[in-house]
Amino acid sequence: MTGRWTLQGTIAGQETTHDIEAEWVLAHEYLRIHETSREKNAQGQAAYEAIVFIGWEASARDYLCQWLDSTSGDGLSGQSIAHGKRSGDEITFLLKSKEGDFHTTFRYDKNADTWQWIMDGEQAGKLQPFARLKLSRK
C-alpha cells in the first residue's frame, strides 16, 4: 500500500474523494497512512484527516491498526487498537468497543494495482455498511 493514492467512494452514504500517502516508518516497523479529504471545512482546512499506523505483532501473529483522526481525540484510548488477520491479499481488522464493533478490510487487487477499503459497523451482531472505497495509484 506504499505510495500515493486517490481514494474514492462512499463514507456514511456520501460520495467522497481523499488523498492518501502511505510509507514505511520507524525502521520499517510500521506502515503510516496519511489520509486527507479534498472537502474543506469552514476554515478552509481538510474536512477529514487521519493518520493510521499498521504494524505486525509477531508474538500474537496478528496485525495491529491504530486509526487517529480529526473526528475525535480518543484515538489513543486503550480500546483504539484493531487486530487483524491476513488472508491472501487482504487484511481484515476488528476494533472492539463498548459502542459496537467495527470491521475494516483492506483488499489488494494485484491485476489492477488497486485497493478496496470496506468498513462496517456491527450492531447486535449485524454488519451495517459504513464505507466502500477504492484506492487508485496516482
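As the structure is a computational prediction, the values presented were derived from the model and not from experiment. For the numbers below, each heavy atom of this structure counts, side chains included, while hydrogens, waters and symmetry mates do not.
- Between H83 and L94, every side-chain heavy-atom pair lies at or beyond the 4.5 Å cut-off.
- Closest approach of T36 to A46, counting heavy atoms only: CG2-CB, 3.5 Å.
- Side chains of R4 and E21 form a contact here, defined as non-hydrogen atoms less than 4.5 Å apart.
- With values rounded to the nearest 0.5 angstrom, I20 atom CD1 is found 9.0 Å from K138 atom NZ.
- Side-chain contact check for L95 versus D101: every heavy-atom pair is 4.5 Å or farther apart.
- Here the closest non-hydrogen pair linking A22 and I33 is CB-CG1, 4.1 Å.
- Between W5 and D113, the shortest heavy-atom distance links the atoms CZ3-O, 3.5 Å.
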Candidate pair Y63 and E57, rule side-chain contact (heavy atoms from CB on, under 4.5 Å), full reasoning: CA-CA 6 Å; Y63 287 91; E57 184 177 28; over 6 Å; no

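- Using a 4.5 Å heavy-atom threshold, the side chains of D19 and E35 count as separate.
- The distance from atom OG1 of T114 to atom NZ of K134, rounded to the nearest 0.5 Å, is 5.0 Å.
- Between W117 and F106, the ring planes lie tilted relative to each other; the angle falls in the 30° to 60° range.
- In this structure, the side chains of Y108 and M1 stay at 4.5 Å or more apart for every pair of heavy atoms.
- The minimum heavy-atom distance linking A50 with D69 is given by the pair CB-CB, 3.7 Å.
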Pair K110-D89, side-chain contact (heavy atoms from CB on, under 4.5 Å): steps then yes or no: CA-CA 8 Å; K110 289 180 191 175; D89 291 329; 3.0 Å; yes

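- Summarising the geometry of A47 relative to S37, their closest heavy-atom pair is N-OG, 3.2 Å, with the distance given to 0.1 Å.
- Between atom CD of residue E39 and atom CD of residue Q45 there is a gap of 14.5 Å, rounded to the nearest 0.5 Å.
- Hydrophobic clustering of Ile, Leu, Val, Met, Phe, Trp and Tyr side chains at less than 4.5 Å, counting indirect connections, unites V25 with I51.
- Distance check, rounded to the nearest 0.5 Å: CG of L68 to CZ of F53 gives 7.0 Å.
- Side chain of S97 to main chain of G100: a donor-acceptor pair is present (N/O by atom type, distance under 3.5 Å, no hydrogens or angles).
- With hydrophobic clusters built from ILVMFWY side chains whose heavy atoms lie under 4.5 angstrom apart, L135 does not share a cluster with I118.
- Using a distance-only test at 3.5 Å, with no hydrogens or angles considered, no donor-acceptor pair links the side chain of R107 to the main chain of D109.
- L127 and F130 are members of different hydrophobic clusters when ILVMFWY side chains are connected at heavy-atom separations under 4.5 Å.
- For the atom pair T104 OG1 and M119 CE, the distance stands at 4.5 Å (nearest 0.5 Å).
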Pair S136-T6, side-chain hydrogen bond (donor to acceptor under 3.5 Å, both in side chains): steps then yes or no: CA-CA 5 Å; S136 303; T6 300; over 6 Å; no

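- Side-chain contact between I11 and L133 is present, with heavy atoms from C-beta onward closer than 4.5 Å.
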Derivation and outcome, side-chain hydrogen bond (donor to acceptor under 3.5 Å, both in side chains), residues H34 and E49: CA-CA 8 Å; H34 185 202; E49 184 175 12; 2.6 Å; yes

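- Here the side chains of Y30 and I54 are not in contact, with every heavy-atom distance at 4.5 Å or above.
- Look at K85 and D62 and you find a salt bridge, because one of the NZ, NE, NH1 or NH2 atoms lies within 4.0 Å of a carboxylate O, short of that distance.
- Remark: aromatic rings of H18 and Y48 are close, center separation under 6.0 Å.
- Atom-to-atom distance recorded for D120:CG and H103:NE2 is 7.5 Å, nearest 0.5 angstrom.
- Ring-centre distance between F102 and F93: not below the 6.0 Å cut-off.
- In this structure the side chain of V52 never reaches within 4.5 angstrom of the side chain of R32, judged on heavy atoms.
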